[in-house]
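This report refers to the structure that appears directly beneath it.
Labels below follow one simple rule: chain letters A, B, ... track the order of the sequence lines, proteins then strands, and each chain is numbered from 1.
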Amino acid sequence: MPAPASPVYALVDCNNFYVSVERVFNPKLEHRPVVVLSNNDGCAVARSPEAKALGIQMGAPWFQLQPLVKRHGLIGLSSNYTLYGDMSARVMQVLRTFTPDVEVYSIDESFLRLERMRQLWPCPAAMGQAIRTQVRQWTGIPVCVGIGPTKTLAKLANHIAKKHPRCGGVVDMTTFPERELVSLLSAIDVAKVWGVGRRIAARLAAMHIHTVEDLRRASPKAIRLQFSVVLERTVAELQGNSCLALEDVAPAKKQIVSSKSFGRMVLTRDELGEALSTYVGRAAEKLRAQKSVAGALQIFVMTNVFRETEPQYSNGIVIPLPLPTNDTMRLVAAALYGLKRIYKPGYAYKKCGVMLMDLSPQHQRQPSLLAQVDDVADHSNAVMSVLDSINARYGRDTLTIAAAGIRKDWAARSENKTPCYTTRWSELPKAWAH
DNA sequence: TCTGGGGTCCTAGGACCC
DNA sequence: TCTGGGGTCCTAGGACCC
């Protein structure tokens, strides 16, 4: 039997994803500084190259960028996650035409394993180029491809591909001679390594480990003693020993969170209750989509931490559920009960949220010893599937529960949002022939 | 006026058990 | 005077990711 081929990982990462999506539908955004804002139009979470060139940092608060709007014509778009989610699915679909070995890692990146398709291509880099071209042609989204013997090296290769346009958007580390690799990795800050954040970078610096090459030369065992098994694996991966496998089937989520800042301060328990009910509804939709039930729910409320001179209050509470459920009504009832316990009048609340925990598969639900619940459960299943199918067909929030409120004037700001071009009939882009 | 949201994993330490 | 040792489970906090 032939030895199994050593793994070849690719990381395909969309360039400035949210901005690129907006540009697909509005070419006037080309060549201009554009940022896409976080929820509530809070801060910049995606930047066009022109915006980066103006020195705008990731996470810069939008209100601080106002001078650039006047001086450089900076455009700030509210985020349109429905659109980005749909475009992401299209990109991933294209990747699957190249290989079934795809792990969707985030909304804008996927890991691929290439070696099963190896004989179809002259080299991995050629396959990388083909992926780039195809995704661009079929979706309009530019991507970069990094290739390496481990996920960590593929990530690094992708970083290099993004940084150096001369590479043509594809970097294949599997073919680098050792000498070249050493000089390349010696020039990259260790903080660029996947899994090395600010804190760890600072501690590494104290140990005179500054570059990727420094970390690659470290002993995994020594790193294990100072840090944890996580960083030990990172070092091993840098050395070419693959420790992180491709997860091509997405595991079910272990917790589901929905939380959001308000567009204005919220004072009353009623309004907090509306917001909480809204978020519980969202979280419960996600819960049912993965066919799980929750055994407990946590809620939290908080005032605005940035207003240091104002009285602050933040609190949370876990509410165990007598029976694991994914019924919006039951979950809302539990959340409102929790709110009653932790709400304090006299504070200006800025944010609240809910976390569904203790998730387990729907079909494994434990029957209760105490209650005759089967009829009730069947009834609630029926109601929830009607709710979900109507909303799937006619759009989110066509049907909601009354506790979530109607006016929702506490809702987050979203002042410059583009249409849902690809997911709403009424918002399809129009083209005229001349 | 104005500062995001949603996840995962690991470790240390306490509670508890035999 | 003198007070075991080993194991598991749970939780909070910290670190990271996009």
For Tyr105(A), the side chain to side chain donor-acceptor pair (under 3.5 Å) test, sequence neighbours excluded, returns Trp194(A)
What residues 254-278 of chain A contributes to the DNA chain C interface at heavy-atom separation below 4.0 Å is none
>> Need one value for Val318(A): base, sugar-phosphate or nothing, where a base atom within 4.0 Å counts as base even if backbone is also close, heavy atoms only.
In response: nothing
Assess whether atom OH of Tyr337(A) is packed by more than 12 heavy atoms of other residues, nucleotides or ligands within 6.0 Å. no
Donor-acceptor pairs under 3.5 angstrom involving side-chain atoms of residues 255-264 of chain A: please list them, not counting sequence neighbours.
| residue | atom | partner | partner atom | Å |
| --- | --- | --- | --- | --- |
| Arg264(A) | NH1 | Glu271(A) | OE1 | 3.3 |
| Arg264(A) | NH2 | Glu271(A) | OE2 | 2.8 |
| Arg264(A) | NH2 | Asp409(A) | OD1 | 2.8 |

Item to check | Donor-acceptor side-chain pairing of Ser186(A) and Glu213(A) below 3.5 angstrom | outcome: no
Discussion item. With heavy-atom distances below 4.5 Å as the criterion, would you say the side chains of Asp189(A) and Thr211(A) are in contact?
Written reply: no
Within residues 60-89 of chain A, those residues having any heavy atom closer than 4.0 Å to DNA chain C are none
Side chain to side chain donor-acceptor pair (under 3.5 Å) filter on Asn40(A), not counting sequence neighbours, yields none
Could you tell me whether the side chains of Ser219(A) and Arg224(A) share a donor-acceptor contact shorter than 3.5 Å?
no
query: So do Val301(A) and Lys351(A) actually touch side chain to side chain, heavy atoms under 4.5 Å?
result: no
With sequence neighbours left out, the residues meeting side chain to side chain donor-acceptor pair (under 3.5 Å) with Gln66(A) are none
Sorted by chain and number, sequence neighbours left out, side chain to side chain donor-acceptor pair (under 3.5 Å) with Thr150(A) holds for none
By nearest-heavy-atom nucleotide on DNA chain B, the more 5' of Ser228(A) and Phe306(A) is Phe306(A)
For residues 197-209 of chain A, tabulate all N or O donor-acceptor pairs below 3.5 Å that involve a side-chain atom, not counting sequence neighbours.
| residue | atom | partner | partner atom | Å |
| --- | --- | --- | --- | --- |
| Arg203(A) | NH2 | Gln226(A) | O | 2.8 |

* **Ser385(A) and Arg288(A): CA distance, side-chain angles, deciding distance, side-chain hydrogen bond (donor to acceptor under 3.5 Å, both in side chains) verdict** => CA-CA 9 Å; Ser385(A) 28; Arg288(A) 293 192 294 270; over 6 Å; no
Check against salt bridge (charged side-chain N to carboxylate O under 4.0 Å, His left out), Glu103(A) and Arg113(A)
CA-CA 9 Å; Glu103(A) 171 189 340; Arg113(A) 273 188 74 158; over 6 Å; no
Just distance, no hydrogens or angles: give the donor-acceptor pairs under 3.5 Å from side chains in residues 89-102 of chain A, sequence neighbours left out.
| residue | atom | partner | partner atom | Å |
| --- | --- | --- | --- | --- |
| Arg90(A) | NE | Asp86(A) | OD2 | 3.0 |
| Arg90(A) | NH2 | Asp86(A) | OD2 | 3.1 |
| Thr97(A) | OG1 | Val94(A) | O | 2.5 |
| Thr99(A) | OG1 | Asp101(A) | N | 2.9 |
| Asp101(A) | OD1 | Arg116(A) | NH2 | 2.7 |
| Asp101(A) | OD2 | Arg116(A) | NE | 3.0 |
| Asp101(A) | OD2 | Arg116(A) | NH2 | 3.4 |

>> Set out, in order, the CA-CA distance, both residues' side-chain angles and the distance that settles side-chain contact (heavy atoms from CB on, under 4.5 Å) for Ile107(A) and Phe17(A), then state yes or no.
In response: CA-CA 9 Å; Ile107(A) 194 165; Phe17(A) 182 55; 4.1 Å; yes
message = Using atom C1' in both nucleotides, what's the gap between dG4(C) and dC16(B) to the nearest angstrom?
response = 16 Å
Sorted by position of nearest nucleotide on DNA chain B, 5' first, the leading residue of Ala252(A) and Arg224(A) is Ala252(A)
Per side chain to side chain donor-acceptor pair (under 3.5 Å), Ser78(A) is matched among Thr418(A), Asp41(A), Asn416(A) by Asp41(A)
Dot-bracket assigned to DNA chain B with the 3.5 Å Watson-Crick/G-U criterion, [ ] for crossing and | for other-strand pairs, is ....||||||||||||||
At a 4.0 Å cut-off to heavy atoms of chain A, the contacted part of DNA chain C spans dA15(C) to dC18(C)
Checking all strands, does Val305(A) fall into the base, sugar-phosphate, or nothing category for heavy-atom contacts under 4.0 angstrom? nothing
Expected list for residues 194-204 of chain A near DNA chain C, using heavy atoms below 4.0 Å, is Trp194(A), Gly195(A), Val196(A), Gly197(A), Arg198(A), Arg199(A), Ile200(A)
**Message:** Under 4.0 Å, heavy atoms only, any strand: does Asp108(A) hit a base, just the sugar-phosphate, or nothing?
**Reply:** sugar-phosphate
